[in-house]
Every structure is written in C-alpha cells, then in structure tokens.
Amino acid sequence: MTMNVPRTQAPASTSGQTSFALAGRFKPVDPVRVIREHLRLILLAGVIGVVVGAALWVTLRILMPRWISVAQLRISDSPDSGLSPSREGMLRGQMDVVEAKKATEAAILNSETVLNQALAQLQDTDWFKNQYVRADGQADFTDARDNLMDYLSVIPVRGSTYIEVRYRSGYRDMTPRILNTVIDQYITTKKNQANNATSDVRAVWVQQREDNARSLRDVQDQIRQFSVQNDVEGLDTRYNSQTVMLQQMATGLAELTMQFQSAQEASKRLQDAQQQGEILYDPTAIAEIRMDPAVQSREEKLRLIREEKGVMLRRFGANHSRVLDLDRRYTEVEMELKNEIDRLLRQRQQVQLESTVQAAKSLAEQLNQGQVKMDQMRAEVKDLTAKLEKYTQLKDLEKRFLDRQEQLDQAMNDAWAMSRRPDVLTVEVISRATEPEVVFPLWYVIVPMTTLLFIGAAGGVVFLMEMMDQRFKGPSDVGLLPKARLLAVIPDTTEDPTGSQVIEGIVAAEPNGLLAESFRNMRTAVGLALEKKNYKTLLVTSAQAQAGVTAIVSNLASSIGSQGKKVLVIDANLLRPALHKVFNLSPGQGLVGVMRTGGSWSAAVLKSSHPGVFLLPAGDSSQAEPELLARPAFAKLLAEASEQYDLVLIDTAPVLVGSEAKLVAHTAQASLMVIRAMLDKRGMLGRALRELGEQPAEILGVLLNRTRASAGGYFRENYQAFHRYRQQEPGTEPQPDHVGA
C-alpha cells in the first residue's frame, strides 16, 4: 500500500452529505438463521407440546368424551321413478329433483315436530331425566329439543339419493338409541303424511268428479234443447244441399258476369266507332255483305270491264281512247262498289250497336237478380254453418267431460291402489345407527395441535424477540443503518478453536490463525478506502465501551507494519489508556506530557516489538482534560507525524462516553467506527455516527467486531473451510463436506 504525503489540514466536513437515521423498531430477520440459533428451544417446546397434548387427550377422554353414531337413508322421487341410488343412470333433471327432495327430507327429519315426538319417547330414560328434568319435576322439552337439534346432523350426500344422519353425545350407550328413535319418528311422520296426503288427494278428486258430472249434465241438456229446436237430424242434409245450390249459383253468376262484360266491351267499341265516324271492318260481315245483289251486280260490271279492257289492249294498246274510257268506267264502278259496301256496313254496325246495348241491359238485370238470390242463399248457408259448429262444440265438450270422468275414476282407483303398496313411502332406512365411535378427543388431532401450538408459541416469541432485538448480530444488521458502509468483519475468538483466546496482538502471536486472516482482510479494505482519498491520519473509535477498539487498533497496526510500512499508533483514550499494555511498553511522558509541556512529540514515541509499529502512549492521563486534543499543537503533531509515517492510527474513548473522539475527528482526516457484535444497538450507533459525522473527519465505514456464527450460514461455512484448509497437509486433495458434493 503506497501512502503519499497528506494535506496538513483536515478534509472538509462531510456531515452535510452523510446522515445516519435511526432504524425502525422492528428489524427484518432471516427465518433460517433464527431457527438454527434457537433449534433446541423449538424442539424442547415441541417435546413439551407432545407431553401436554397427550395429557390433555387423556384428561378430555375421561372428562369430556364425545361419541357419534351414523345412520343412512335413501330416498326416491316416487315409487315408480326408477332413480338409481348413485349418480350413474340419472339425468341432470332427475338429479336436480333428487337434490331438492333430499333437502326437503332433511328439513323434515330435523324439524321440531319429529324431534318433539322422539323426545316424548325418550323422556323416561336416565339421559333425559338427568339433563332436562328440573328440580320441580317439570321436563324442559324446549331445551332438550334445542340440544338435540344442535348435535343432530342431517347431511344429504351430494350426487346420490342417500341422506346421512349423525348424532353426537357424551353418553356412549344412549347415542345409537337416540338416533334410532329420531329416525323411527321420522318414518312414522312420513307414513302419516303419506296417508293424509292420499286422503286429501282422494277428497279433491271426489269433488272434481262431482263438478265434472254436473258440467256434463249441463252440456247434455243443451244438446237436447238444440236438437229439438233445429232438427239436428236433417241439419246436415240441408246444409249439404244448400251448399251445392250456392256453388251452382256462383258458377252461373260468374258466366253471366263474363257475358255482361263482353257485351259492355262490344257496345263500347261500337259506340266509339260511331262517334268518330269509323267503320269496323269485320271479315265475317264483309263476306255477308258481298252476297247482297247490289254489290254482286257492281262486281259483275267490274269483271266485264276488265275482260273488255284486255281485248282492247291487245287490239289497240294502252293509250287508245277506248282503253282509257274503260279505265275511267272501271274506277267509277269500283267507287260505287266501295260506297255501297260502306253503307251496308254502317247499317249493320248500327243494328249491332242496338242489339249489344239491349243485351247488356238484359244481362245486368239478370246479374242483379242472381246476386240477390245468392246473398239470400249465402245467409242461409251461414246460419246452417253456425248451427252445425255450435252442435259440434257441444258434442266435443260432452266428450271432454266424459273423458275427464273416466280419468278421475281411474286416478281415484290408482291412488287407492298406490296407498296400499308397501313401497309408497319414498324413504328407506339403509342402515340404522352404528355402534358409537369416539369423535372427541382424538389423539391424532389433540397431540399434533398442542405440539404445533407450543412450537408456534415458542417460535413466535423467538421471532418477536429477534425482531425487537436492536443489537448487531451480523453483517445484515449493519445494512439496516442507512449509508453505513461495512468495511470488515472480525470473528469472535471462539470461532478459531486452534488459536489464542486473547485478541490483543493476535496478528503477531498467531499470524496463520483465523483472526489474523480477518485482520489482514480488514487491512486491505481500510487501506483501499484511505488510498482513494489519500488519507494518512485515521481515527478509530466506537459508540460505547467494550467494543474492542484497542484490540482493533493494535492488530490493524501490526498487520500494516508487517507489510514493511511505518505505522504510528497514538493512544488518545485519556479515560482508559491501554495501548502501552498491549505493546508491553511503559506509559512514559506520553501524549499528555507532550501537550502540557510543549516538548518534542517524536521523543515520546516508543518502538514496539511489532515490526514497523511505533506507539505514542497516552502518558499520565488521570488528571488530563480532553481539551488538550483541541490545541493547535495536536493538529501540528498529526501533520508532522503523517509526513514521517505511512499511517497514523488514533485510539480514542467511545463517542457517547467522552468527547475525545469528536475533538480528534476535528483534526484527523478520516474516522472508523467499531461495532461490538451482540452488545452495540442500532439506536446507539446511529446517534454516535450522527455526532461523529458533524466533524470534518470523513467516516470511512464501520467494523463489526467479535461476530459469532453459531447459527451456521455463510460465515460459519467460511470459518470451517478455513480450518480444514489450514489443517490439510500439503499434497493431499481436499475432502468434500458431504457425500456427493
């Protein structure tokens, strides 16, 4: 470790940058560690729990035993339902019906009526007399029924047709008797209900049969009256004949309607032609007109003219006067023929118009007369239809009442037969009350529960104490203080069974021991922290006494001195100086003498037997005032010493005991807080860190001293590994801790 010459002035205060808040009242705990530490206590609590549980079970078995008997019933929806006693073979709808039925039967079995009847059968027993007969000789049936209801359990078995009935009591012999009595009274109640239900249903059916017979007589009277008034026998025949006539009349009216429409259309067409002066050329009419003599004579003339023209054309040609005269005559005769045809067509068209109009009028009169007759006929058919429908309705109603009468008679007969069947009761006793069994106390319940209760109580107390314990037990506890940096952990001397039990000077006395190795690790961590800031004056203190600061300072100095460096150790603990004893030196003039006389401090420095370690003892500090450490001479001493030595270590009194540590921290460059495991508490250390943090010296971190790994874990494994490695002979292979490791 290379140490440069430090600044003569102390570094600026870091109190504004670092704060140490007091940790919470409860701290997090490691369950595994806590259980390992207190395993014996927890096991002892378990053994005590077993003993107490066994004693409690024996006591309860003698004083408060509870017996139980079980009976089983089976129900069905009806005698003919065919339901299976298990879920198999039943549809979902059937299961819903069965579940509802089981709930109903359970309510009946646990009803006041059944229980009162059962208690009436049990009132002469010693069980009833001892518990429910008052001093005046009156029986308290209400209290007995309430207790019986409390200890009687009716449990419908889900997914089946079974009901399980259980009864618990403190009387072994009475338990099955009471349960059987309740079931017998329940069966009796069910039988009475079945008989009453049959009688009630039969009475209802008798009343319904009388009502139905009365309604049937009324309907039959209506049928007779209707038959007399309407000649029912010929009603159907008349209806059929009238219906045929109505259909024929409808067909005739349809034909007349078509003729009337045709006549109207023809009349309209002729009237339109007459008004517009048109001639309707009908091929048939033209053919008839051509048979007229006047028309035939003109057609004959036209034929002769054509023949004569043909002769003339052959003799004279087309332009001859006689040919031209024949053409003129032909045209005149042709015009006469056309005019004659038109005249005859107009005459014929006028005649057709008059006849068509007359025919339309005649057809209209026929249609009106036919419609009147058809309306009359339709009314008659409608009346006949209504009468037939009423008669049919009366006959249908009569048939329904007759069928209903037969159904009621059959139902009454079936109900009577059903009431006589042996399986009319839908509840069957599968098994009566079993032999009573103990349900309380059960050793496999009482003993484990009591054991768990004791173990839980012991564990709860242990964990509560662990959470409320403010002491530092391990490195994890240091992490509960905000911004408290853990630099190193020094184990307790008991963790090194091969070394000395005195920690002072252990590095020199046992250089190969566990503690010496721990101090070397601490030396490395502290050296790195100092080297980063180029610090050469280090204050080592604690929150309270017995933290082991003197041992830490002496061993840290020896460890650094073994590296060939010069270390000056200053004993500034004016209340209890001890470093001169650790190094086996005389107190001499010491620090107090130098500060009082103003002499040379280097003359008061003593060389120890440890390589590279020099000591400035406290001297005669019995009457020394702490203000000596606040003098400029002490600051000058540190500045000069830091130039002559690689490191200056200063041991002071605890922060919360004296003021030396805070006075030295005003001059030193860095400080280090030592924590005594299982002694220092978080609140106390937090206060000490706050007070020390108000001084210019930077707090590098904390050292956890004298830790124990009695509960195992990481540090225990490291310590064991160190011992095995130390005892192993060179050239041999290390042995694993466990088989297969």
Side-chain angles (χ1 to χ4, degrees), residues 1-3 487-493 495-496 498-531 535-542 547-573 576-588 590-591 604-618 641-642 644-652 668 670-676 700-707 722 726:
M1 180 175 64
T2 302
M3 295 289 187
L487 291 180
V489 177
I490 304 300
D492 191 79
T493 54
E495 298 297 332
D496 188 4
T498 62
S500 173
Q501 299 302 308
V502 179
I503 191 172
E504 289 81 359
I506 194 69
V507 172
E510 294 286 343
N512 296 322
L514 172 64
L515 294 177
E517 184 65 25
S518 299
F519 279 110
R520 281 191 285 270
N521 291 333
M522 180 187 70
R523 175 195 65 192
T524 302
V526 173
L528 290 176
L530 292 171
E531 193 175 59
Y535 293 155
K536 299 187 67 176
T537 56
L538 176 63
L539 163 67
V540 182
T541 186
S542 63
V549 174
T550 299
I552 295 294
V553 170
S554 63
N555 285 288
L556 178 60
S558 298
S559 178
I560 295 175
S562 64
Q563 292 181 313
K565 296 181 175 60
K566 293 177 62 178
V567 181
L568 174 63
V569 180
I570 300 177
D571 191 350
N573 188 346
R576 190 182 296 174
L579 281 173
H580 64 283
K581 298 179 181 179
V582 173
F583 290 106
N584 197 21
L585 298 172
S586 63
L591 178 63
V605 174
L606 303 177
K607 180 176 176 58
S608 70
S609 59
H610 298 185
V613 179
F614 298 85
L615 172 66
L616 177 58
S642 62
Q644 298 179 23
Y645 295 91
D646 294 313
L647 179 63
V648 179
L649 294 177
I650 309 167
D651 180 7
T652 67
S671 63
L672 191 65
M673 183 70 70
V674 178
I675 305 173
R676 171 70 180 273
L700 297 180
V702 297
L703 299 176
L704 185 59
N705 187 25
R706 303 196 69 173
T707 59
F722 177 83
R726 179 181 179 184

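All heavy atoms count here, side chains included; hydrogens, waters and symmetry mates do not.
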Exercise for the section: Applying side chain to side chain contact (heavy atoms under 4.5 Å, CB included), run through Asn573 and Val549 and close with a yes or a no. Expected result: CA-CA 10 Å; Asn573 188 346; Val549 174; over 6 Å; no

Exercise for the section: Determine, stepwise, if the pair Leu568 / Gln644 fulfils side chain to side chain contact (heavy atoms under 4.5 Å, CB included). Expected result: CA-CA 9 Å; Leu568 174 63; Gln644 298 179 23; over 6 Å; no

Hey, what do you get for [atom1] ([X]) to [atom2] ([Y]), rounding to the nearest 0.5 Å?
X	Y	atom1	atom2	result
Leu585	His580	CG	NE2	9.0 Å
Leu556	Ile490	CG	CD1	9.0 Å
Leu528	Leu487	CG	CG	10.0 Å
Leu539	Ile570	CG	CD1	10.5 Å
Ser559	Asn521	OG	CG	9.0 Å
Leu615	Leu591	CG	CG	10.5 Å

Can you check whether [Y]'s main-chain N or O pairs, donor with acceptor, with [X]'s side chain at less than 3.5 Å?
X	Y	result
Ser558	Ser554	yes
Lys565	Ile560	no
Asn705	Ala547	yes
Asp571	Ala578	yes
Asp646	Lys566	yes
Ser608	Val613	yes

Non-hydrogen atoms of [X] and [Y] that approach each other most closely:
X	Y	value
Val553	Leu649	O-CD1, 3.9 Å
Pro617	Ala604	CD-O, 3.8 Å
Val567	Ala557	CG1-CB, 4.0 Å
Ile650	Ala572	CG2-CB, 3.7 Å

Exercise for the section: Tell me, with the steps shown, if Leu647 and Tyr535 meet side chain to side chain contact (heavy atoms under 4.5 Å, CB included). Expected result: CA-CA 8 Å; Leu647 179 63; Tyr535 293 155; over 6 Å; no

Handout entry: Test item: side-chain donor near acceptor, Ser642 and Thr537, under 3.5 Å
Key = no

Practice task
Could you give me the CA-CA distance, side-chain angles and deciding distance for Met673 and Thr541, then say whether side chain to side chain contact (heavy atoms under 4.5 Å, CB included) is met?
Solution key: CA-CA 5 Å; Met673 183 70 70; Thr541 186; 4.3 Å; yes

